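What follows is one structure encoded as structure tokens, with my remarks underneath.
Order of the sequence lines fixes the chain letters, A, B, ..., with proteins taken first and strands second; residue numbering starts at 1 for each chain. For the numbers below, each heavy atom of this structure counts, side chains included, while hydrogens, waters and symmetry mates do not. This is a predicted model, so every value here is computed, not measured.
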2 protein chains.
Amino acid sequence: MTIKDIPSQTIDRLFTYFRALTCLIREGTETVSSKRLAEICRVSAAVVRKDFSYFGEFGTRGVGYNVKDLLDNIRRILDFDSPTEVALVGVGNVGRALLQHSQFELEGFKIALAFDKDPRKVGHKIGSVTVQDTKGMGKKIRSRGIDLVILAVPDSTAPGVAKSLAKEGLGAILSFSPCDLAMPDGIKITCVDLSMEMARLLYHSRLQSRLAEMRLEG
Amino acid sequence: MTIKDIPSQTIDRLFTYFRALTCLIREGTETVSSKRLAEICRVSAAVVRKDFSYFGEFGTRGVGYNVKDLLDNIRRILDFDSPTEVALVGVGNVGRALLQHSQFELEGFKIALAFDKDPRKVGHKIGSVTVQDTKGMGKKIRSRGIDLVILAVPDSTAPGVAKSLAKEGLGAILSFSPCDLAMPDGIKITCVDLSMEMARLLYHSRLQSRLAEMRLEG
DNA sequence: AAGCCCTTGTGATCGTGTTCACATTCACAT
DNA sequence: ATGTGAATGTGAACACGATCACAAGGGCTT
Ligand SMILES: NC(=O)c1ccc[n+]([C@@H]2O[C@H](COP(=O)([O-])OP(=O)(O)OC[C@H]3O[C@@H](n4cnc5c(N)ncnc54)[C@H](O)[C@@H]3O)[C@@H](O)[C@H]2O)c1
Ligand SMILES: NC(=O)c1ccc[n+]([C@@H]2O[C@H](COP(=O)([O-])OP(=O)(O)OC[C@H]3O[C@@H](n4cnc5c(N)ncnc54)[C@H](O)[C@@H]3O)[C@@H](O)[C@H]2O)c1
């Protein structure tokens with residue numbers, strides 16, 4: 001049993017379970033059954049049990065899973081050991097909101113560096129971070145051991161910045177601009193594309209209504 | 001051939017193709033092959049062709065797909081006919097950024113209503129929208145024919161607001177708070193969970209490095 | 001300590017979606 | 001016209017992941 005034998009969808013779902021379990025902890029829940037966790041994550045109970053079974057036996061038969069233990073196990077599997085530093089590039093509307101979002105630190109992430117090209121923004125301190133000029137940005141990021149950059153620059157400049165970061169050997173980019181899809185191998189990129197999310201949501205919501213109507217009509 | 005015979009993953013990918021094609025249009029590209037589109041969207045060329053084949057024959061053999069025509073076809077399939085109005089609840093750091101983001105309108109969405117509980121925010125005009133009090137919020141949203149709400153309130157209040165919107169018969173919520181997962185049937189909810197996205201990205205990026213190393217070592 | 005209830009863990013089965021491979025068809029050059 | 005090269009469209013084969021169904025096992029009650 002190697003990592004390659006585990007369905008990639010199982011790995012993806014671990015992140016969903018992780019999030020759900022942190023919420024359950026906050027609510028004070030101590031034990032959760034595969035059935036309950038499945039409802040929350042919108043999957044089947046069998047999937048939940050099978051997913052965990054790839055990694056060990058984390059539950060107690062007749063009882064369920066201890067929320068805290070399960071969370072620790074997932075944390076170990078996913079290697080969420082220590083707080084992770086990330087860098088932010090682009091301190092505009094989105095970047096500013098992110099810098100003011102103190103909750104990231106509770107979730108194990110810290111924006112340690114922030115960069116902007118605009119001289120009027122350089123030097124300002126937002127949250128606990130001072131905005132720096134983009135000169136030598138790649139070096140500063142890499143020398144601090146940071147693997148992930150949040151990219152919040154205008155659509156038009158995003159591809160250029162992304163490519164230059166890729167050249168510096170960065171591992172991953174979370175971009176708020178769409179269209180940074182085609183990237184060299186070796187760098188992972190995910191785009192937070194709100195318009196597409198809204199479009200998806202609306203499609204599924206409308207489909208659901210249409211199906212419900214059809215069922216009523218016979 | 002009904003909608004039920006079409007893989008749901010095919011539908012999901014249509015949104016990705018849609019986004020990629022809008023980018024190609026902006027670049028001035030007129031024709032695209034399944035191979036090229038597949039690279040951009042990170043799927044296989046066969047998948048691209050099969051996906052489209054469920055809906056008709058949109059390409060020209062030996063040439064590829066006309067970008068504009070293909071986009072129109074997807075638009076028709078997904079029912080992206082007319083601009084869609086949405087409402088925003090919570091005008092804090094995130095909400096303010098969204099209201100100032102004029103690009104939504106280019107992508108077919110308009111934030112037509114904005115609500116906040118804080119009296120100091122009510123009455124302020126941000127972008128082209130004036131922030132309203134939350135009293136009678138559900139009615140105002142529904143009577144305008146809006147199906148989708150963007151939820152950008154603090155984590156703690158999000159579940160309550162989401163539930164009350166669900167009661168009003170709203171179709172869909174795009175939430176920036178995690179943990180609104182367990183919702184009554186009939187309402188679709190998607191959470192934009194940046195921490196989880198960062199965690200996913202880092203996991204995959206590190207896995208990739210590890211695999212690359214192993215390949216080097218033999 | 002015995003029996004009952006409950007939920008896990010898991011091999012076997014099933015279904016769905018992806019890949020394969022090639023016949024088909026179009027554009028264009030000669 | 002006819003040949004050539006190129007990319008589509010698609011049935012068949014395949015692989016993967018989900019579901020099923022139940023044996024296994026822990027906890028609680030009496
Ligand atoms: N604002 C939103 O609500 C929203 C919503 C969805 C998507 N987006 C996307 O997110 C991205 C950022 O949006 P925004 O509203 O924050 O834009 P913005 O214009 O407010 O901010 C962009 C910032 O990037 C800086 N910048 C420009 N070029 C740079 C470079 N080469 N290096 C470093 N910094 C640079 C600018 O000085 C500016 O401060 C855009 O792609 C936008 O489409 C934004
Ligand atoms: N700021 C970020 O960068 C960021 C990043 C990731 C996730 N998030 C999440 O997004 C959500 C919003 O974050 P934020 O930074 O904008 O918060 P914020 O505190 O800046 O803004 C929240 C706004 O909601 C309003 N509000 C509170 N209760 C309300 C109610 N019942 N009805 C209507 N309005 C109400 C408040 O008055 C305030 O204006 C939070 O769940 C946060 O965790 C934010």
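- Distances shorter than 4.0 Å separate some side-chain N or O of B:Ser34 from OP1 or OP2 on D:dT8.
- Within the nucleic acid shown, B:Thr31 has no heavy atom closer than 4.0 Å to any nucleic acid atom.
- Toward the 5' end of DNA chain D, the nearer of the two residues A:Ser8 and B:Gly56, judged by each one's closest nucleotide, is B:Gly56.
- Look at CG on A:Asp51: it is 14 Å from C1' on D:dC16, rounded to the nearest Å.
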For nucleotides 22-30 of chain D, just jot down a letter per nucleotide in 5' to 3' order: B, S or -, based on protein non-hydrogen atoms under 4.0 Å. --BBBS---

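- Distance CG (B:Asp5) to P (D:dG11): 14 Å, rounded to an integer number of Å.
- Using a cut-off of 4.0 Å between Lys/Arg side-chain N and Asp/Glu carboxylate O, A:Arg142 and A:Asp147 are scored as salt-bridged.
- Searching all strands for a Watson-Crick or G-U wobble partner of C:dT30 with both distances below 3.5 Å returns D:dA1.
- In this structure, CZ of B:Phe55 is placed 17 Å from C1' of D:dT8, rounded to the nearest angstrom.
- Along DNA chain C, the stretch of nucleotides lying under 4.0 Å from any heavy atom of chain A spans, 5' to 3', C:dC6 to C:dA12.
- In terms of heavy atoms, A:Ala38 sits closest to A:Ser44 at CB-C, 3.6 Å.
- Using a 4.0 Å heavy-atom criterion, one finds that A:Tyr65 contacts the sugar-phosphate atoms exclusively.
- Ionic pairing of B:Asp72 and B:Lys68 is present here: one or more N-O contacts between side-chain nitrogen and carboxylate oxygen are shorter than 4.0 angstrom.
- Nucleic acid contact for B:Lys35: none, since no nucleic acid atom lies under 4.0 Å from a heavy atom of the residue.
- In this structure, A:Tyr54 places its OH atom 7 Å from P of D:dG17, rounding to the nearest Å.
- Scanning both residues, A:Leu151 and A:Ala158, for their nearest heavy atoms gives CD2-O, 3.8 Å.
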Take B:Glu85 and B:Lys110 through the salt bridge (Lys or Arg N to Asp or Glu O under 4.0 Å) test and state the conclusion after the steps. CA-CA 5 Å; B:Glu85 291 197 333; B:Lys110 166 142 186 56; over 6 Å; no

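- One interatomic measurement links the two molecules: CZ of A:Arg13 to C1' of D:dA18, which rounds to 8 Å at whole-angstrom precision.
- Along DNA chain D, the nucleotide nearest to B:Gly64 and the one nearest to A:Gln9 differ in position, and the one closer to the 5' end is contacted by B:Gly64.
- Shortest non-hydrogen contact noted between A:Leu165 and A:Met137 is CD2-CE, 4.1 Å.
- Close placement of the A:Phe18 and A:Phe80 rings is indicated, their centers lying within 6.0 Å of each other.
- Around atom CD of B:Gln100, more than 12 heavy atoms belonging to other residues, nucleotides or ligands sit under 6.0 Å away.
- Taking both residues in full, the closest heavy atoms of A:Glu168 and A:Lys139 are given as OE1-N, 4.0 Å, listed atom of the first, atom of the second, then distance.
- B:Leu70 places its CG atom 16 Å from the P atom of D:dA7, with the value rounded to the nearest Å.
- Nucleic acid contact for B:Phe58: sugar-phosphate only, since backbone atoms but no base atoms lie under 4.0 Å from a heavy atom of the residue.
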